[in-house]
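Input: a single structure, listed below in structure tokens.
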Amino acid sequence: MLPSIGIVKVLCESLKKFPVQALVVDPVLVSTSGDTLSASSTLSVYRDELFAMADIVTPNVKEASRLLGDVSLHTVSDMRSAAESIYKFGPKYVLVKGGDMPESSDAIDVFFDGKEFIELHGHRIKTHNTHGTGCTLASCIASELAKGATMLHAVQVAKNFVESALHHSKDLIIGNGPQGPFDHLFKLKCPPYNVGSQPSFKAEQLFLYAVTDSGMNKKWGRSIKESVRAAIEGGATIVQLREKDAETREFLEAAKACMVICKSSGVPLLINDRVDIALACKADGVHVGQSDMSASEVRELLGPGKIIGVSCKTPAQAQQAWNDGADYIGCGGVYPTSTKSNNPTLGFEGLKTVCLASKLPVVAIGGINASNASSVMELGLPNLKGVAVVSALFDRECVATETRNLRSILTNTCSRT
Ligand SMILES: Cc1ncc(COP(=O)(O)OP(=O)(O)O)c(N)n1
Ligand SMILES: Cc1nc(C(=O)O)sc1CCOP(=O)(O)O
Ligand SMILES: [Mg+2]
């Protein structure tokens, strides 16, 4: 909080003498409760001196309005215009925070880098415990930048952190003010947050995710076990048995045999949909979709030591997966696929929206093959850790060769970017 011109000027002089690695300016002018926190006379020195030194400026809508001569900001389109106008004062990035916009189910912030606008969607948490959200967000952005994150990633991590802290603190009753404080240390105290994080699960294991298909195995005259062995030989980093038509007993026998192979190679084996099979063969985890058992129910059944993946096509589903204690999300279809019928194609835009909203690592799925895998990974999306592939590995003559080829493409792409 910089309440007077003199103090802003002292700060600017000090920053010139002692430059910092990254400067996050949260122009604390108007509190969420509407109180004025800085004299109007400071506005010009903020705009003319401090903003030009900032890496990012993070006003809420009321502050953005004050900075721009009390323009009215009612829509996301108004927020975009405001971000563009504030950008002209000289910061490298602007984040206009929409948490105070009139009621909607989303809390939308607008991020602007001088060229592109990105709308960051979050859940609106209904609570009075919102005291200090802006300060927390700005501090969290600064912390992530200090750790070396890119600006967009830092903002996303910060937004996710604030949203989770609000969610966890929403029912606390502390103090008498109109706004209560929220709990920054929620992660230390509260299951189910991160209860799903496996000490043994590493997000990098999503790099090349091989998903089997019973029809393809039959077509090529291979057993499930042979397919899995070949995928691991070629360099798959995690395997899912997606055997939609298998008889239970036959599936369980195959799953047990695959477990032996996967265990000896240190590659996790997950079962698609079937928690019973996963329990019976002591698999490393389960992958479920939106019409399967929820991740929290799967967690109840599998316990804390197992990996749970959830298919998500929207930010809301990604948020739910996190709340439910999942470990990763599968997001697709990135491209059209004939492996899964009636599967909506999200394209790069849909994948980007989910990756930006996700607090969990993401694996992209749907129509991915050796010709397009690089384009997916080159998007450089936050949280995107790899690709999940069915037909490009298993609807082929030699699974090991195809897997090896895709692995080398992914490795080359990721070493370049
Ligand atoms: C890694 C990965 N991502 C998504 C899916 C799809 O799961 P779901 O939506 O439950 O559809 P089915 O695979 O059950 O048909 C997946 N299996 N794996
Ligand atoms: C199982 C599955 N889930 C998808 C999703 O979008 O959630 S797409 C898909 C099938 C992916 O197969 P292929 O690699 O052959 O396109
Ligand atoms: Mg499913």
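Residue indices begin at 1 and follow the sequence shown. Start at 1 and go down the list; that is how both ligands and their atoms are numbered. Only heavy atoms go into these numbers, but all of them, side chains included; no hydrogens, no water, no symmetry mates.
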Salt-bridge contact [X]-[Y] (side-chain N to carboxylate O under 4.0 Å):
{"X": "Asp276", "Y": "Arg274", "result": "yes"}
{"X": "Asp55", "Y": "Lys92", "result": "yes"}
{"X": "Lys219", "Y": "Asp395", "result": "yes"}
{"X": "Glu144", "Y": "Lys147", "result": "yes"}

Are any of the N/O atoms on [X], whether in the backbone or the side chain, positioned under 3.5 angstrom from an N/O atom of ligand 2?
{"X": "Gly366", "answer": "no"}
{"X": "Ser311", "answer": "no"}
{"X": "Val389", "answer": "no"}
{"X": "Lys313", "answer": "yes"}
{"X": "Ala392", "answer": "no"}

Using the side-chain contact (heavy atoms from CB on, under 4.5 Å) definition, which of the options Thr150, Ile141, Val24, Leu145 pairs with Val155?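 Looking at Thr150, Ile141, Val24, Leu145, the match for Val155 under the side-chain contact (heavy atoms from CB on, under 4.5 Å) is Ile141.
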
List every atom of ligand 2 that sits less than 4.0 Å from any heavy atom of Ser391, numbering the atoms from 1 in the order shown and giving each element.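 Selected atoms, number and element: 13 (P), 14 (O), 15 (O).
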
What atoms of ligand 2 come closer than 4.0 angstrom to any heavy atom of Gly333?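 That gives atoms 6 (O) of ligand 2.
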
Under 6.0 Å between ring centres, would you say that holds for His168 and Phe182?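 Here the rings of Phe182 and His168 have centres that are no less than 6.0 Å from each other.
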
Whether Ile365 lies under 4.0 Å from ligand 2, heavy atom: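 The answer is yes, since Ile365 has a heavy atom less than 4.0 Å from ligand 2.
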
Provide the closest heavy-atom pair for Leu410 versus Ala373 in the form atom of the first, atom of the second, distance.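 That closest heavy-atom pairing would be CD2-CB, 4.0 Å.
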
Nearest non-hydrogen partners of Phe117 and Arg80, listed with the distance: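 Minimum heavy-atom separation between Phe117 and Arg80: CE2-O, 3.3 Å.
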
Quick check against the 3.5 Å criterion: does [X] have a side-chain atom that pairs as donor or acceptor with the backbone of [Y]?
{"X": "Thr237", "Y": "Leu208", "result": "yes"}
{"X": "Ser358", "Y": "Val354", "result": "no"}
{"X": "Asn369", "Y": "Asn372", "result": "yes"}

Residue, atom name and distance, where the atom is the protein heavy atom closest to [atom]:
{"atom": "atom 18 (N) of ligand 1", "value": "Gln240 NE2, 3.0 Å"}
{"atom": "atom 9 (O) of ligand 1", "value": "Ser311 OG, 3.1 Å"}
{"atom": "atom 1 (C) of ligand 2", "value": "Arg242 NE, 3.3 Å"}
{"atom": "atom 13 (O) of ligand 1", "value": "Arg242 NE, 2.7 Å"}
{"atom": "atom 11 (O) of ligand 1", "value": "Lys340 NZ, 2.9 Å"}
{"atom": "atom 14 (O) of ligand 2", "value": "Val390 N, 2.9 Å"}
{"atom": "atom 3 (N) of ligand 2", "value": "Lys340 CD, 3.4 Å"}
{"atom": "atom 8 (S) of ligand 2", "value": "Asn343 ND2, 3.4 Å"}

Check each atom of ligand 1 against the heavy atoms of [X] and keep those under 4.0 Å away; list them by number with element.
{"X": "Asp273", "answer": "10 (O), 14 (O)"}
{"X": "Gly289", "answer": "8 (P), 9 (O), 10 (O)"}
{"X": "Gly330", "answer": "3 (N)"}

Proximal candidate to atom 14 (O) of ligand 1 [heavy atom criterion; set His287, Lys244, Lys313]: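 Minimum heavy-atom distance to atom 14 (O) of ligand 1 goes to Lys244.
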
Name of the Asp292 N, O or S atom nearest the Mg ion (ligand 3)?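 In Asp292, the N, O or S atom with the shortest distance to the Mg ion (ligand 3) is OD2.
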
N, O or S atom within Asp273 nearest to the Mg ion (ligand 3), by name: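 The closest N, O or S atom of Asp273 to the Mg ion (ligand 3) is OD1.
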
Per-residue contact class, Val211 against ligand 1 - non-hydrogen pairs under 4.0 Å: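 None of Val211 does.
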
Do any nitrogen or oxygen atoms of [X] come within less than 3.5 Å of a nitrogen or oxygen of ligand 1?
{"X": "Asn272", "answer": "yes"}
{"X": "Val363", "answer": "no"}
{"X": "Asp292", "answer": "yes"}

Drop me the distance from Glu84's CD to Phe112's CZ, to the nearest 0.5 angstrom.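 Here the interatomic distance stands at 4.5 Å.
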
Verify whether one side chain among Asn217 and Ser214 offers a donor that lies under 3.5 Å from an acceptor in the other.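 No, no side-chain donor-acceptor pair sits under 3.5 Å.
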
Is there a donor-acceptor contact under 3.5 Å linking the side chains of Thr212 and Glu243?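 Looking only at side-chain atoms, Glu243 and Thr212 do form a donor-acceptor pair, the distance falling under 3.5 Å.
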
With a 4.0 Å cut-off on heavy atoms, is Ile365 in contact with ligand 1?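 Judged by the 4.0 Å heavy-atom criterion, Ile365 does count as contacting ligand 1.
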
Heavy-atom count check: over 12 atoms from other residues, nucleotides or ligands less than 6.0 Å from Lys244 NZ?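 Yes.
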
